[in-house]
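Note sheet for the following structure.
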Amino acid sequence: MLIISDLLNASEVAAYREALTRAQWQDGLATAGSVSQSVKQNEQVASQCELGQALADKLRQRLSQHPLFISAALPQSILRPRFNRYRNNGHYGLHIDSAIMASDDGKGLFRSDLSATLFLSDPDSYSGGELSIDTGFGVQEVKLPAGSLVLYATSRWHQVEPVTAGERVAAICWIQSLVAADTQRELLFDLDQSIQRLQQLAEARAEHRQLTGVYNNLLRQWAIT
């Protein structure tokens, strides 16, 4: 699990929130599978809403250009983000997201390796609404400042706790990575972060060059294109 702080600044968050007041919202059950229908209670921007599509594509472009996100996710494809809203005790009970989803055009298939939640509401403006994720080392509750994002393996059990006051607005998206295995992707992320730190040290040029070669050879071995 990785937190990316300030993916959007305050003015960008405000612009998204204002635009979303003009979007077409619908019951979240419209995209719920047979299992999720019994645990999902929220609202989401309709997939056919042109304003929602434009906002989602703008957000997807920001993600595809963010160095830390790229390093961690190694994205091959990012599904168009979806905007959701929880209020009046809205919640999303314990679940695992679908492994295979329809592509944006509905003509292909998409393997979900990673999930991301971008918080668009000030955490002090609503009660509850924590994103609880079973990390494998215990459950961690996430409630981030507006504009910050959490990235986690889609294979993890997670839930959104009931929002008992105010409203929680967020964007969610899924990523198909070049490297499907969580352990391999995490190893490459740690290696890449070390490489970037070594790049700043003139006395570590040889080590930087060597580790860069190791990184590329591992990526070549593990990547699915």
Spell out, as yes or no, whether a donor-acceptor pair under 3.5 Å connects the side chain of [X] to the backbone of [Y].
| X | Y | value |
| --- | --- | --- |
| Gln53 | Ser47 | yes |
| Asp113 | Ser177 | yes |
| Arg62 | Leu7 | yes |
| Ser112 | Ile100 | no |
| Asp6 | Asn9 | no |

* Asked: So which residues get pulled into Phe110's cluster when ILVMFWY side chains under 4.5 Å apart are joined, directly or through others?
  ->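 Its cluster mates, by chain and number, are Leu79, Met101, Ile172, Trp174.
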Interatomic spacing from [atom1] in [X] to [atom2] in [Y] - rounded to 0.5 Å:
| X | Y | atom1 | atom2 | value |
| --- | --- | --- | --- | --- |
| Glu12 | Leu59 | CD | CG | 10.0 Å |
| Leu198 | Thr212 | CG | OG1 | 8.5 Å |
| Asp57 | Ile78 | CG | CD1 | 11.0 Å |
| Thr117 | Leu151 | OG1 | CG | 9.5 Å |

Could you tell me whether [X] and [Y] make a salt bridge, using a distance below 4.0 angstrom between a side-chain N and a carboxylate O?
| X | Y | answer |
| --- | --- | --- |
| Lys143 | Glu161 | no |
| Asp104 | Arg60 | yes |
| Glu167 | Arg17 | yes |

* Asked: Looking at residues at least two apart in the chain, or sitting in another chain, which of them share a side-chain hydrogen bond (donor to acceptor under 3.5 Å, both in side chains) with Asp122?
  ->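 Per chain and number, Asp122 pairs via side-chain hydrogen bond (donor to acceptor under 3.5 Å, both in side chains) with no residue.
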Quick one: are [X] and [Y] in side-chain contact, heavy atoms under 4.5 Å?
| X | Y | answer |
| --- | --- | --- |
| Ile224 | Val179 | no |
| Gln196 | Gln200 | no |
| Tyr92 | Gln41 | no |

* Donor + acceptor pair across side chains of Ser71, Asp192 (<3.5 Å) ->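 There is such a pair (donor and acceptor under 3.5 Å, judged by atom type) between the side chains of Ser71 and Asp192.
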* To do: Determine whether the side chains of Asp97 and Thr154 contain a donor N or O and an acceptor N or O closer than 3.5 Å.
  =>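 No, no side-chain donor-acceptor pair sits under 3.5 Å.
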* What class does the angle between the rings of Tyr16 and Phe83 fall in, given that below 30° is parallel, 30 to 60° is tilted and above 60° is perpendicular? ->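 Tilted.
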* To do: Taking atom CD of Glu50 as the centre, report whether more than 12 heavy atoms of other residues, nucleotides or ligands fall under 6.0 Å from it.
  =>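 No, CD of Glu50 has 12 or fewer neighbouring heavy atoms, counting only those of other groups under 6.0 Å.
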